[in-house]
Every structure is written in structure tokens, then in C-alpha cells.
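All ligand and atom numbering here is 1-based and tracks the order in the structure. Just so it is clear, the structure is predicted and the values come from calculations on it, not from any experiment.
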Amino acid sequence: MKLIIAIIRPFKLDEVREALGEAGVTGLTVTEVKGFGRQKGHTELYRGAEYVVDFLPKLKIEAAVSDDVFDAALEAITRAAGTGKVGDGKVFVVPLDRVIRIRTGEIDADAL
Ligand SMILES: Nc1ncnc2c1ncn2[C@@H]1O[C@H](COP(=O)(O)OP(=O)(O)OP(=O)(O)O)[C@@H](O)[C@H]1O
Ligand SMILES: [Mg+2]
């Protein structure tokens, strides 16, 4: 199992949710976040110039997935979240040791 953490453009949420559903992802957590990447929140870099970092609003998506869904889920996020322009976001993948479905006590893939 993996925990997929993706930072995406807020207006891409519906597309990403739909694509993940089609890929077989059964649940999703979304958080409003702010961040910056290589351009430090600016659309242009001014060489040698000092400037403050701007934090830009993004959405953080977290999806716990079984190994058989993982490849399709990654493909779905990168395809649905992309525009081809700077600031499209980033995907982080973390190994997931344990999942527990609280109501039933099921664990791991059965709990997803
Ligand atoms: N190294 C990082 N660690 C944690 N969060 C990051 C990192 N890089 C980017 N992010 C998050 O992803 C968001 C979008 O980053 P962004 O897509 O601008 O990355 P980038 O590396 O600058 O790529 P690009 O050149 O395509 O813009 C940031 O606002 C931040 O929330
Ligand atoms: Mg960037």
C-alpha cells in the first residue's frame, strides 16, 4: 500500500477526483494549503535580484491506495492535474504500513 500525497491547483480538484475514481481509488482527503516551488511563488525569476517568497494557494490531496491501484492512480493524478505550465504541482509517494477501518476493524487492503 502507498499513501499518495499530491499538491495540485485548486481548480483541478473535480478533474482529479473524477480521474482517481475511475482509477479505482475509494477515498480521498483534501486540505487547503499554501506553498511554493522553484519559482518561489513568482511566475518569473529575476536573476540576482532578492525578493520575498509568495505562498500560493494549493490543494493537498491524500489517497491511500492498494498496490494494484497504485500505477493507475499516479497516472490519473498527473494527467488530470496537469496544464503544462509552471505551478502544476507535485506528487509525493510514501509507503503505507497499516490501514484500519474503524467501524469494522478491517485492516490494510480490506479497509481501503
Ligand atoms: N520540494 C517540495 N516540498 C514540498 N512541497 C513542495 C515542493 N515543491 C513544490 N511543493 C508544493 O507544490 C506546489 C506546487 O509546486 P510547483 O508545481 O510550482 O513545483 P516546481 O518545482 O516549481 O515545478 P514547476 O517548475 O513546474 O512550477 C508548491 O506550492 C508547494 O506547495
Ligand atoms: Mg513552480
Report task. Compute the shortest N/O to N/O distance between Lys90 and ligand 1 and return yes if it is under 3.5 Å, no if not. Result -> yes

Query raised in the report: Is the number of heavy atoms from other residues, nucleotides or ligands within 6.0 Å of CD (Glu75) greater than 12?
Result: yes

Query - Joint cluster assignment, Val25 & Met1, ILVMFWY side-chain distance < 4.5 Å - result: no

Query - Heavy-atom nearest neighbour in the protein, as seen from atom 25 (O) of ligand 1, with distance rounded to 0.1 Å - result: Gln39 NE2, 3.0 Å

Query raised in the report: Which part of Phe92 is near ligand 1, with near meaning a heavy atom under 4.0 Å away: side chain, backbone, both or neither?
Result: side chain

Requested in this report: Find out whether Ile8 and Lys58 are in side-chain contact, i.e. whether some heavy atom of one side chain is under 4.5 Å from a heavy atom of the other.
Outcome: no

Query raised in the report: Do Lys12 and Asp88 have side chains that get closer than 4.5 Å, going by heavy atoms?
Result: no

Query raised in the report: Below 3.5 angstrom, do we get any N/O pair linking Leu56 and ligand 1?
Result: no

**Report entry** Side chain, backbone, both or neither: the part of Asp88 lying under 4.0 Å from ligand 1 by heavy atom
**Finding:** backbone

**Report entry** Under-4.0 Å heavy-atom contact with ligand 1, by part of Ile7 that carries it
**Finding:** side chain

Query raised in the report: Lys58 to ligand 1: N or O pair under 3.5 Å?
Result: no

Query raised in the report: Shortest non-hydrogen contact from Lys85 to Arg9?
Result: O-NH2, 3.2 Å

Requested in this report: Answer yes if Leu59 and Ile5 sit in the same cluster of Ile, Leu, Val, Met, Phe, Trp and Tyr residues linked by side chain heavy atoms under 4.5 Å apart, and no otherwise.
Outcome: no

**Report entry** Polar proximity ligand 1 side, Gly89 side, N/O cut 3.5 Å exclusive
**Finding:** yes

Query raised in the report: Which heavy atom in Pro57 sits nearest to a heavy atom in Lys34, and how many Å separate them?
Result: CA-CG, 4.3 Å

Query raised in the report: atom 10 (N) of ligand 1: which protein heavy atom is closest, and how many Å away?
Result: Phe36 O, 3.9 Å

Query raised in the report: Does Ala109 offer a backbone N or O that forms a donor-acceptor pair with the side chain of Ser66 under 3.5 Å?
Result: no

Query raised in the report: ligand 1 and Arg38, any nitrogen or oxygen pair closer than 3.5 angstrom?
Result: yes

Query raised in the report: Below 3.5 angstrom, do we get any N/O pair linking Gly87 and ligand 1?
Result: yes

**Report entry** Closest contact, heavy atoms only, Gly27 versus Ala63
**Finding:** O-CB, 4.1 Å

Query raised in the report: How close does the nearest protein non-hydrogen atom get to atom 29 (O) of ligand 1, and which residue and atom is it?
Result: Gly35 C, 2.9 Å

Query - Any non-hydrogen protein atom less than 4.0 Å away from atom 23 (O) of ligand 1 - result: no

